[in-house]
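To keep things clear, I will list the structure first and then write my remarks on it.
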Amino acid sequence: MRTNRAGDLRAEHIGSEVALCGWVHTRRDHGGVIFIDLRDVAGLVQVVLDPGVLPLAEELRSEFCIRVEGEVKARKEGTVNPKLGTGEVEVGAGSVEILSRSETPPFQLDEYHETDEQLRLKYRYLDLRRDSMQRNLKLRHELISAIRRFFDGEGFYEIETPMLTRATPEGARDYLVPSRVHPGRFYALPQSPQLFKQLLMVAGFDRYYQIVRCFRDEDLRADRQPDFTQLDMEMSFVDQEDVLEVTERMFKSVWKEVMGVELADFPRIPYSESMERYGSDKPDIRYGLELTDLDEVFAATEARVFRSVLDDGGAIKAITVPGQGGLPRKQLDAIVDDAKALGAGGLVWVTLSSEGLRSPMDKFFSDAERKGLVETAAASEGDLVLIVADKRKNVVYKVLGGLRTRLAERFGHVPAYEPENPDYWKFAWIVDFPWFDWNEDEARWDPIHHPFTGVVEDTAPFLETDPEKVISKSYDITLNGWELASGSIRIHDRDMQSRVFKALGISDEEANEKFGFLLDAFKFGAPPHGGIAPGIDRIVALAAGETNIREVIAFPKTQTAFDPLTGAPSTVDEAQLKILHLRSTAPSPDQES
RNA sequence: GCCCCAGUGGAGCAGCUAGGAGUGCUCAUCUCCCUGUCAAGGAGAAGGUCGCCGGUUCAAAUCCGGUCUGGGGCGCCA
């Protein structure tokens, strides 16, 4: 049907007769001559048609699917288009055939108009014709392909695990699938293949990976979809260092192959340092705006707010924003509102100008405190210092960590997308996570990672005494402020596992009920093992310079987990429910009030 | 569950702060003109219950309340 792809034509093809198939991208009708930009998966080429010879050319419209035969010709001097890869040539059409007409598209498929996302998703098959989506999905394919090549070269097997599996009571909300043959019972779609990959280790497949769909019924974000793709990986007979080494080498290999960039070694940042410096466990280290600690400066303060925070064992921290000391009051108030929205009781701003220090709190500061504040916060004339104090240290981190990314965006600290620049890619390992997190609502210790996460030996005695001091063998990868991957060395020792369950307040019976099949497996010679699971959607989005993962997913869902293309989720027939032994308690649309 | 932003001919925007006739811009669509454009150009035309419901007012795209949808965030996401 065709001899070449339109976007592939180059000067070397001049003189050859070609047949091309594709879509009418744009039409420029000059009366006596008509230019068509013909688009296919490889790109655009200009086709020149003489309507006197080919009257059908008059009928061509946007997005008609057509076939053209003709000769590749050199463009005359002065008519070369440097913006196109095919810009040195054009195709003189000898014949044209309309394969399929098109209605006028509901939106324009150019890169000059941002289109409402709901409309894009409803007509996703048209949206995907756009250049940026074609590029993103191509990049996604190339990245996944390079990942598979890497693991293949390292002796990993790709092994599939079930989609219909058992509900897990902890973690994210499950998507459930009712069983027809087992009335009243449900499968769950996997939140991750976590337990299966551990069983594969017990089974002796000591290097496993899988590009796998996972499902979590939680609210959506720019970097979260209800179904998403993970690069799931697990290894036996390894310690943390081995997993970090192979994972880092994988990213370097993939980036070199696909992005053409040699990545620097990933820095390793202990969790506690990350929180102290950035107020986040997924810091964007492409810019400064680091947190400074003002506890010392105000150690003897008389200012009541700070005094009570320090007396309660809290923290006073600040961010210095260079050059923003002249911000109008209204915008300072907006930052205070942002801080409150993030959970702060308040925020104290301090501006430094030639007239000195200005702040709503200034009258409560001593001269020594003013001096100490300026020095410790490394502020100079023209700067803005934002101070958050709270008796709960994690609130201070959360507020300043949240403000830091907002301020960086607003005041232009975030570097522009520059994929060919190795310095643009700020990967980092976050290591030495605490094992436990105090759950205020339930008044118990919860795992930060998951219940099978290994314990750093030196800190194991704290399991029974001070859970907050237990450090886990878990690790994250962050890239430019996004969490890309989480992983851990797992517990393979039954005694250690029951000590951990005990610390979590999970009884033996409960553990057996929930995870019995895994614990049983560990009775039969479980190897030491560990792994990691990077998120493919996030990797691709960052690589493509996108700020949300919908741009790298062919058919994503909206923020309410709705698919405007298919209309999913939909209602189903009573008969269908009956077979599944289900009855809906949802109010019918006309009953709602 | 909560907070913020948006919704105006087919698409993208402006108009809203300070109420006064659906006013404007870019693109698309249709008709006509045009042989070198490349986001072609020129002339003309058609196309809108200003998301929806209610309120205030002599008068609402504009002010107020509610609601729906989309987006960003908090909670949630072992």
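The side-chain hydrogen bond (donor to acceptor under 3.5 Å, both in side chains) test applied to A:Q210 returns A:T161, A:Y208, not counting sequence neighbours. For A:F562, there are no ring-ring contact (aromatic ring centres under 6.0 Å, His included) partners at least two apart in sequence or on another chain. For A:D116, there are no salt bridge (charged side-chain N to carboxylate O under 4.0 Å, His left out) partners two or more places apart in sequence or in a different chain. Under the salt bridge (charged side-chain N to carboxylate O under 4.0 Å, His left out) criterion, A:E513 pairs with A:R166, not counting sequence neighbours. Scored by the salt bridge (charged side-chain N to carboxylate O under 4.0 Å, His left out) test, A:R221 finds no partners at all (sequence neighbours excluded). Considering only residues two or more places apart in sequence or on other chains, A:F35 meets the ring-ring contact (aromatic ring centres under 6.0 Å, His included) condition with A:H30. Residues that satisfy the ring-ring contact (aromatic ring centres under 6.0 Å, His included) test with A:F452, not counting sequence neighbours, are A:H450, A:F515. Considering only residues two or more places apart in sequence or on other chains, A:H25 meets the ring-ring contact (aromatic ring centres under 6.0 Å, His included) condition with none of them.
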Next item on the list: Between protein and nucleotides 36-46 of chain B, map the contacts as a letter string: B base, S sugar-phosphate only, - none, heavy atoms under 4.0 Å, written 5' to 3'.
Entry: BBBBB------
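A donor and an acceptor atom sit less than 3.5 Å apart, one in the side chain of A:R224 and one in the base of B:rC77.
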Dump every N/O contact between nucleotides 68-71 of chain B and the protein below 3.5 Å, one line per pair.
unit_1: B:rU69; atom_1: O2'; unit_2: A:Q118; atom_2: OE1; d: 2.6
unit_1: B:rU69; atom_1: O2'; unit_2: A:Q118; atom_2: NE2; d: 3.3
unit_1: B:rG70; atom_1: OP1; unit_2: A:T558; atom_2: OG1; d: 3.0
unit_1: B:rG70; atom_1: OP1; unit_2: A:T560; atom_2: OG1; d: 3.2
unit_1: B:rG70; atom_1: OP2; unit_2: A:T560; atom_2: OG1; d: 3.2
unit_1: B:rG71; atom_1: OP1; unit_2: A:Q559; atom_2: N; d: 3.4
unit_1: B:rG71; atom_1: OP2; unit_2: A:Q559; atom_2: N; d: 2.6
unit_1: B:rG71; atom_1: O3'; unit_2: A:R550; atom_2: NH2; d: 3.1
unit_1: B:rG71; atom_1: N7; unit_2: A:Q559; atom_2: OE1; d: 3.3

Show the distances under 3.5 angstrom between N or O atoms of the protein and N or O atoms of nucleotides 13-15 of chain B.
none

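Among pairs with a residue in residues 47-60 of chain A, those fulfilling salt bridge (charged side-chain N to carboxylate O under 4.0 Å, His left out) read A:E59-A:R101, at least two apart in sequence or across chains.
Taking 4.0 Å as the cut-off between side-chain N and carboxylate O, A:D127 and A:K122 do not count as a salt-bridged pair.
One interatomic measurement links the two molecules: OH of A:Y123 to C1' of B:rA11, which rounds to 12 Å at whole-angstrom precision.
The P atoms of B:rC25 and B:rA45 are separated by 13 Å, rounded to the nearest whole Å.
A:R61 comes within 4.0 angstrom of sugar-phosphate atoms only, judged by non-hydrogen atoms across all strands, and of no base.
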